[in-house]
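First the structure, in the form of structure tokens, and then the observations on it.
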Number of protein chains: 2
Amino acid sequence: MNNNSGFIEKLRSSGLRPTKQRLEICKLLFDRKKTFHFTIGDLSKILKKETNKKISLATIYNTVHSFKKKGYLKEISVDREKSYFDTNTSNHHHFLDISTNELIDLKEEDVDNIKIKKSLPGKKIKSIEVLVKIENNN
Amino acid sequence: MNNNSGFIEKLRSSGLRPTKQRLEICKLLFDRKKTFHFTIGDLSKILKKETNKKISLATIYNTVHSFKKKGYLKEISVDREKSYFDTNTSNHHHFLDISTNELIDLKEEDVDNIKIKKSLPGKKIKSIEVLVKIENNN
DNA sequence: CACTACTTTAGAATCATTATAAATTGCATG
DNA sequence: CATGCAATTTATAATGATTCTAAAGTAGTG
Ligand SMILES: [Mn+2]
Ligand SMILES: [Mn+2]
Ligand SMILES: [Zn+2]
Ligand SMILES: [Zn+2]
């Protein structure tokens, strides 16, 4: 979908220099068809396996955080001891499979539109997200 | 609502000895009309202020975790860097005020019943919870 | 009172994340 | 393409919330 020079453009256009570390991480994160949900620990392991060049852990943290700041990643909090990042940055709902700890996107059409009948004075709604915890049958 | 001897009963009946530390924490957590959402840091501060006896931090952690295990508290993950506990242990929805970092319960009638139209083979739904992020108008 | 298991506690250990500061790299400029 | 500078990477140290440890204290039982 996105080729290497696509990523170079993307990074440049948001004021990030296209270093080889960032490009490596871009390829891993964004060169796929389905949403990718990961923790920084996951990402670090995958980078170790799938890459010959070694990227320092500090750089992985730095990169994920700058991608988040630029809006290329979204952080999802579903469990105290795991912080997930999501390549799908739109507002969307999730299954959380508590048997495997896996996050799965729900599509627009999988969930009825949600109406919140309460409002608080001086406050407006910024986002509405549903988390559906699932587990193995029996 | 719940008096001291009520708490003693409650603790005994779930196999927890009613120590003065636990009773102190019970009074603070459960002797109120509205749901209480707190972090362990919050709780620790409040205990320091509102109590003359000093309860060690380890005990606060121990107590909150055993109350959670016994089903008297529920843990809510809405932000990586804060883990909230909730005295409302039912499945329910929340506002999260991102201007103040405050969690607010939504009542049953505040949110339409949610239908999930997708299902995964071999998996069943355990809970459905909505998080509505709100912020100050302008 | 005496016994035992449970609980509390101070302090140490852990571990994910962040900070630091020196070395390296991208890139603009001439 | 050589130079200069800011951005970036990196190894390492620091941080801080949580958990662990093991010793001292306490509740319940008879
Ligand atoms: Mn958890
Ligand atoms: Mn956050
Ligand atoms: Zn997602
Ligand atoms: Zn609540």
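All chains are named by letter (A, B, ...) in the order of the sequence lines, taking the proteins before the strands, and each is independently numbered beginning at 1. Fair warning: this is a prediction, and the values are worked out from it, not measured in the lab.
Residues B:L23 and B:Y72 share a single hydrophobic cluster, defined by chaining ILVMFWY side chains whose heavy atoms lie under 4.5 Å apart. Under the 4.5 Å side-chain heavy-atom criterion for Ile, Leu, Val, Met, Phe, Trp and Tyr, A:L131 and A:I125 are members of distinct hydrophobic clusters. When hydrophobic clusters are built by joining Ile, Leu, Val, Met, Phe, Trp and Tyr residues whose side-chain heavy atoms come closer than 4.5 Å, directly or via intermediates, B:V64 is grouped together with B:F7.
A heavy-atom distance below 4.5 Å is found between the side chains of A:F36 and A:I46. The shortest distance between side-chain heavy atoms of A:V78 and A:H94 does not fall below 4.5 Å.
Between B:I8 and B:H65, it is B:H65 whose nearest contact on DNA chain D lies nearer the 5' terminus.
Rounded to whole Å, the distance from CZ on B:R80 to P on D:dA17 is 14 Å. For the pair B:L43 CG and D:dA17 P, the interatomic distance rounds to 15 Å; values are reported in whole Å. When rounded to the nearest whole Å, the span between NZ of B:K82 and C1' of D:dG16 equals 14 Å. Atom pair B:E81:CD and D:dT18:C1' shows a separation of 16 Å (rounding to whole Å applied).
Contacts of B:K82 classified as salt bridge (charged side-chain N to carboxylate O under 4.0 Å, His left out), with partners at least two apart in sequence or in another chain: none. With sequence neighbours excluded, no residue forms a salt bridge (charged side-chain N to carboxylate O under 4.0 Å, His left out) with B:K107. Qualifying salt bridge (charged side-chain N to carboxylate O under 4.0 Å, His left out) partners for B:D42, counting only residues two or more places apart in sequence or in other chains: none.
Taking 4.0 Å as the cutoff to heavy atoms of chain A, we find the contact window on DNA chain C bounded by C:dA16 to C:dC27.
Surrounding NZ of B:K74 are more than 12 heavy atoms belonging to other residues, nucleotides or ligands, all under 6.0 Å away.
Under a cutoff of 6.0 Å and an axis angle of 45°, A:K10 and A:F30 form a cation-pi pair.
Listed here is the closest heavy atom pair of A:I128 and A:H93: O-CE1, 3.5 Å.
Overall bending of the helix from C:dC1-D:dG30 to C:dG30-D:dC1, expressed as the angle between end axes built from five pairs apiece, is 30° (10° steps).
The phosphate of D:dT18 (OP1 or OP2) has a side-chain N or O of B:Y61 nearer than 4.0 angstrom.
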- Could you encode protein contacts along nucleotides 7-15 of chain D as a string, one character per nucleotide from 5' to 3', using B for base contact, S for sugar-phosphate-only contact and - for no contact, with a heavy-atom cut-off of under 4.0 Å? SSSBB----
